[in-house]
Amino acid sequence: MDCTGFNLRKAMRAVGQHYDDALRPAGIRGTQFSLLVAAKMAGPVTVGRLAEMAVMDRTTLTRNLNVLEKQGLVVVTVGTDRRTRRVAITEEGLAVLRQAYPLWKQAQARLMAKLGPERLQALMDNMAALVEAALAR
C-alpha cells in the first residue's frame, strides 16, 4: 500500500513498541517519556504550548497528562489566567527520567545499529520535512 498515512502509522506502532519495551523497566511508555522530557526542557509550560511542541491535540495531551499526574510525575496547576493550565515535572518525574534515559539511549542505539547513522539521520530529516508539509496550510 502506498498510502503515506497508513505506512507512517504502521512505522509509528512498530517504533512505539520498540521504545515501550525498552522503557518498561522504568514504568513508563515512550509517549510518557517524550512528554516528561518536553516538560523538563520547557520548564513549567502551558498545556497549549506543550500540545504544540508534541503536535498533539489538547484532549489527547490532557488524557496523557492525567496519567502522569496520577503517577506523581507531573503537576498541572492553574496558570496566571484561570483558563490556562501549567505543567511542571516533579522530583519523582525527574527520578523516573534519570532511570529511563539510559533505557531510551539503548533503544536509540539499537535502531541506529540496524539502520546506520546516515540512514537514521536521513529518516529524521525526512520526518521533520513531513511534519512541516503536513502542518502547512
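Hydrogens, waters and symmetry mates play no part in the numbers below; they use all other heavy atoms, side chains included. The structure displayed is predicted, hence computed values, not measured ones.
The cluster map of Ile, Leu, Val, Met, Phe, Trp and Tyr, joined by side-chain heavy atoms under 4.5 Å apart, puts V87 and V67 in different clusters. Linking ILVMFWY side-chain heavy atoms closer than 4.5 Å, directly or via other members, places V76 and I28 in a single hydrophobic cluster. In terms of hydrophobic clustering, with Ile, Leu, Val, Met, Phe, Trp and Tyr side chains grouped at heavy-atom distances under 4.5 Å, V74 and M41 are assigned to a common cluster. Taken together through direct or relayed side-chain contacts under 4.5 Å among Ile, Leu, Val, Met, Phe, Trp and Tyr, L23 and Y101 form part of one hydrophobic cluster.
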Passes side chain to side chain contact (heavy atoms under 4.5 Å, CB included), R85 versus T46? Steps please. CA-CA 6 Å; R85 300 283 181 264; T46 65; over 6 Å; no
Checking T84 against V78 for the side chain to side chain contact (heavy atoms under 4.5 Å, CB included) test, could you report, in this order, the C-alpha distance in whole Å, the side-chain angles of both residues, the deciding distance, and whether it holds? CA-CA 6 Å; T84 62; V78 175; 5.9 Å; no
Decide yes or no on side chain to side chain contact (heavy atoms under 4.5 Å, CB included) for V37 and W104, but give the supporting numbers first. CA-CA 11 Å; V37 169; W104 170 84; over 6 Å; no
Tell me, with the steps shown, if I89 and L97 meet side chain to side chain contact (heavy atoms under 4.5 Å, CB included). CA-CA 10 Å; I89 191 167; L97 273 185; 3.6 Å; yes
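Looking at Q32, its side chain never comes within 3.5 Å of a backbone N or O of N64 through a donor-acceptor pair. Under a 3.5 Å cut-off, the side chain of S34 and the backbone N or O of G30 do form a donor-acceptor pair.
Residue pairs satisfying the side-chain hydrogen bond (donor to acceptor under 3.5 Å, both in side chains) criterion with at least one member in residues 5-29, sequence neighbours excluded, are listed as follows: Y19-Q108, D20-R29, D21-R24.
Distance check, rounded to the nearest 0.5 Å: CE of M112 to CG of L123 gives 11.0 Å. Of the inter-residue distances, the one linking L111 atom CG with R119 atom CZ reads 11.5 Å to the nearest 0.5 angstrom. L130 contributes atom CG, which lies 8.5 Å from atom CG of N126 (distance to the nearest 0.5 angstrom). Going from atom CG of L73 over to atom CG of L94 covers 9.5 Å, rounded to the nearest 0.5 Å. Between the CG atom of L50 and the CG atom of L65 there is a distance of 6.0 Å, given to the nearest 0.5 Å.
When the side-chain contact (heavy atoms from CB on, under 4.5 Å) test is applied to R58, the partners found at least two apart in sequence or on another chain are V47, A51.
The side-chain heavy atoms of L35 and L61, taken from C-beta on, include a pair separated by under 4.5 Å. At a threshold of 4.5 Å between non-hydrogen side-chain atoms, the residues L103 and P25 count as touching. Between M127 and M124 the shortest side-chain heavy-atom distance falls below 4.5 Å.
Across all non-hydrogen atoms, the minimal contact from V45 to A42 is CB-CB, 3.8 Å.
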